[in-house]
J.: 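Just passing along the structure, written as structure tokens.
Values in this document were obtained by computation on a predicted structure and should not be read as measured data.
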Amino acid sequence: MLGAPDISTDTFAEHDFITNGVPRSDGQHLLIGDGYDKRLHCWTTIPTTSASTPTAVVDFADGVHALALHDNTVVAAGPMNGLRAWVSGVPCDGRAPDVVYGSQIGSITVESVQSLALDGQYLYVLDSDGGLYIWDGLPESNEAPLFSLEPDIAGADIYSDGEHLSISGRAFFGVMSISDLGSDSQFTEIPDPGWSSAPGQGIVSGGHVFRADLGYNRVTAWERLDDALAGVQPDVLLGATGTADTDPDTTQEGLFWPSQLGFDGQRLWVAEYKFSGRVVSFKLPE
């Protein structure tokens, strides 16, 4: 046999490969959901070198395509088995979730959790049918959401840093202040500075703005949200030497199909889609 010692060995698991990763960090822990191999990788300290072995790998029995981490609470969802939550600490001991919602979240039956976010005030669940449901924390059985929105953005991701809720889809990237959230709230669009026709996730976090651009193999970044909203060109292009550099690259300086993002105040985590199998980090300058 070539490539493995025997037929039962999963070489991807043995070497901690991550495919279609979803990264989240609170600055103390790092969690990366695997959207293909159905695992949740967990580190109790932030890895600062390549090929750092995770503290634990939790079998998720579903592709992790939605993940949030706040104040030692973790919520995650996959397309088949729905939402699960760990409320008694980050599961770096490999334990099973404390709460299993499935597709019934409070009083709402979701078609499929498309994306989610969690902060000190709310749990946000974006259903694949387009509805965005917002609860006051993790809901009890049959608890109705505080309110819902209909952003009508195809293939969207949501992200909260506790101050702003951001949403990004193929044709829209927008943000709203969480202090202004209500049933009639609207997202304010961040103007397109020249993204490709296949952008990845966009997030607003810590007053900064980041958006992955899968088609152009880079991440656009603004230091200030106000600049991004005003249509100012990005301050930095991560993974590219300039606007003309759109080629994929798996070197330390490049990116290959960047898709999902996470930010912990010090490091931006960029998960690449499909073929590279990488999650890379960029540290903010002191």
J.: What distance do L69 atom CG and D26 atom CG have between them, rounded to the nearest 0.5 Å?
T.: 4.5 Å

J.: Without swapping roles, check the side chain of R218 against the backbone of T243 for a donor-acceptor pair under 3.5 Å.
T.: yes

J.: If I compare all heavy atoms of P47 with all of W269, which pair ends up nearest, and what's the gap?
T.: O-CH2, 3.8 Å

J.: Under a 3.5 Å distance rule, please check whether W86 uses its side chain to pair with a backbone N or O of A96 as donor and acceptor.
T.: yes

J.: Counting only heavy atoms not in F282, do more than 12 sit closer than 6.0 Å to its CZ atom?
T.: yes

J.: Determine yes or no for a side-chain-to-main-chain donor-acceptor pair under 3.5 angstrom, with D227 supplying the side chain and W222 the backbone.
T.: no

J.: Can you check whether A271's main-chain N or O pairs, donor with acceptor, with Q260's side chain at less than 3.5 Å?
T.: no

J.: Quick one: do L40 and L67 satisfy side chain to side chain contact (heavy atoms under 4.5 Å, CB included)? Show the steps, please.
T.: CA-CA 10 Å; L40 183 61; L67 179 65; 4.1 Å; yes

J.: Does T246 offer a backbone N or O that forms a donor-acceptor pair with the side chain of N217 under 3.5 Å?
T.: yes

J.: Any sub-3.5 Å donor-acceptor pair from Q104's side-chain atoms to G106's backbone N or O?
T.: yes

J.: Are F173 and Y159 grouped together when hydrophobic residues (ILVMFWY) are joined by side-chain heavy atoms under 4.5 angstrom apart?
T.: no

J.: Counting only heavy atoms not in R95 (residues, nucleotides, ligands), do more than 12 fall under 6.0 Å from its CZ?
T.: yes

J.: Please tell me whether L181 and L126 are part of a single hydrophobic cluster in this structure, the criterion being side-chain heavy atoms less than 4.5 Å apart.
T.: yes

J.: Assess the residue pair V64 and D34 against the criterion (side chain to side chain contact (heavy atoms under 4.5 Å, CB included)); give the C-alpha distance rounded to whole Å, side-chain angles, the decisive distance to 0.1 Å, and a yes or no.
T.: CA-CA 5 Å; V64 183; D34 191 313; 5.6 Å; no

J.: Is the number of heavy atoms from other residues, nucleotides or ligands under 6.0 Å of D235 CG greater than 12?
T.: yes

J.: Could you pull out the closest heavy-atom pair between E143 and D136, with the gap in Å?
T.: OE2-O, 4.4 Å

J.: Could you grab the distance from atom CD1 of I134 to atom OG of S185, nearest 0.5 Å is fine?
T.: 7.5 Å

J.: Would you say the side-chain atoms of D127 pair up with the backbone N or O of E111, donor to acceptor, closer than 3.5 Å?
T.: yes

J.: Can any side-chain N or O of R84 pair as donor or acceptor with the backbone N or O of F60 at less than 3.5 Å?
T.: yes

J.: Side chain to side chain contact (heavy atoms under 4.5 Å, CB included), that's the test. Do V99 and L138 meet it? Break it down for me.
T.: CA-CA 10 Å; V99 184; L138 297 180; 5.7 Å; no

J.: Do V219 and V280 sit in the same hydrophobic cluster, where Ile, Leu, Val, Met, Phe, Trp and Tyr count as joined when their side-chain heavy atoms come under 4.5 Å apart?
T.: yes

J.: Salt bridge (charged side-chain N to carboxylate O under 4.0 Å, His left out): which pairs involve residues 241-258, sequence neighbours left out?
T.: none

J.: Tell me whether S25 contacts the main-chain N or O of D264 through its side chain, where contact means a donor paired with an acceptor under 3.5 Å.
T.: no

J.: Which is it for W257 and S276 under the side-chain hydrogen bond (donor to acceptor under 3.5 Å, both in side chains) test, yes or no, and what are the steps along the way?
T.: CA-CA 8 Å; W257 287 11; S276 87; over 6 Å; no

J.: Got a sec: does the CD of E189 have more than 12 other heavy atoms crowding it under 6.0 Å?
T.: yes

J.: Who pairs with A77 by side-chain contact (heavy atoms from CB on, under 4.5 Å), at least two apart in sequence or on another chain?
T.: A66, L83, V113, L116

J.: I'd like to know if the side chain of Y101 reaches the main chain of A85, judged simply by a donor and an acceptor atom lying under 3.5 Å from each other, with no hydrogens or angles considered.
T.: no

J.: Please report the interatomic distance CG(L229) to CD1(I190), rounded to the nearest 0.5 Å.
T.: 5.5 Å

J.: About how many Å separate OH of Y133 and OG of S107, when rounded to the nearest 0.5 Å?
T.: 9.0 Å

J.: Which distance, rounded to the nearest 0.5 Å, do you find between the NE2 of H164 and the CD1 of I203?
T.: 13.0 Å

J.: Angle class for the H208/F263 ring planes (parallel below 30°, perpendicular above 60°, tilted otherwise)?
T.: perpendicular

J.: Let me confirm one number: the CZ-OG distance from R170 to S197, rounded to the nearest 0.5 Å.
T.: 6.5 Å

